[in-house]
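Working notes for the structure below.
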Amino acid sequence: MKMDMNVIKHHLTDALLMGYSAGTLPEAFNLVVATHISLCDECRAQMHTFDALGGEVMEMSEIAALSPDSLMVTLALIRQDSADAVPICKPAPSNGIFPAPLRDYAGGDLDAVKWRKIGGGVSQAILKTDKGASARLLRIPAGTAVPGHGHRGTELTLVLQGAFYDEADRFGKGDIEVANEDMVHTPIAEEGMDCICLAATDAPLRFSALIPRIAQPFLRI
Ligand code: ZN
Ligand code: ZN
């Protein structure tokens, strides 16, 4: 059964899928990747390709004892004891908006989330993950903008409900935006429905306006 009529247009990068497969991403990124994959047939298929490739490399390395500083061998070894792996499960049952990997972190579905206001009507809930990157749920009221900001690292934003616009692009349910250092943006939630997102960052965001910048250490974003 197709879970949604919604067509996903914005996908994970190969680098993220490979990192997930090799077990080299921080836990917060693993969570976003696993949640997107549980919603997206295309990325799930691509990830299985990388998984198969990684498995082959591991077998080869056992038989042929490849050079120990080969990148692929290193990845294969890291892969063996990846502590932060987030298991991918089948899509969520129809009575919720959080796919299984996310429900485990949120302690349930949307109604279990303890929101905290972070200004401008936007609320967030920080999810507990290992150091190196942080993950949070964001609720942006319909028609509201998130304060404009740049990024010191990589920011992944996955839409779970509603949609947001970033310049000309629309990000609907299941879509993922990958923002990096050279990107400054002001995402705006679409009218009609609050936008719920899962976001992960591997470095503090750089807010353009003074007040959000002062509040940043307290908000832990
Ligand atoms: Zn995808
Ligand atoms: Zn951003």
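Every number for a ligand or one of its atoms is a count from 1 in the order of the listing.
- Rounding to the nearest 0.5 Å gives a distance of 13.0 Å between OG of Ser123 and CZ of Arg136.
- Asp166 is linked by a side chain to side chain donor-acceptor pair (under 3.5 Å) to His185, counting only residues two or more places apart in sequence or in another chain.
- The pair Arg152-Glu181 does not count as a salt bridge, with every side-chain nitrogen at least 4.0 angstrom from each carboxylate oxygen.
- Across Ile37, Val32, Leu158, Val178, a single residue satisfies side chain to side chain contact (heavy atoms under 4.5 Å, CB included) together with Leu12, and that is Ile37.
- Applying the side chain to side chain donor-acceptor pair (under 3.5 Å) criterion to Asp169, with sequence neighbours excluded, gives no partner residue.
- Evaluated for a side chain to side chain contact (heavy atoms under 4.5 Å, CB included) with His36, the options Ile8, Leu198, Val159 yield exactly one hit, Ile8.
- Around the Zn ion (ligand 2), the angle linking Glu155 (OE1) with His151 (NE2) is 90°, rounded to 10 degrees.
- Of all protein atoms, those of element N, O or S that lie under 2.8 Å from the Zn ion (ligand 1) number 4.
- Residues meeting the ring pair (Phe, Tyr, Trp, His ring centres under 6.0 Å) test with Phe29, sequence neighbours left out: none.
- Vertex the Zn ion (ligand 2); arms to His185 atom NE2 and His149 atom NE2; angle 100° (nearest 10°).
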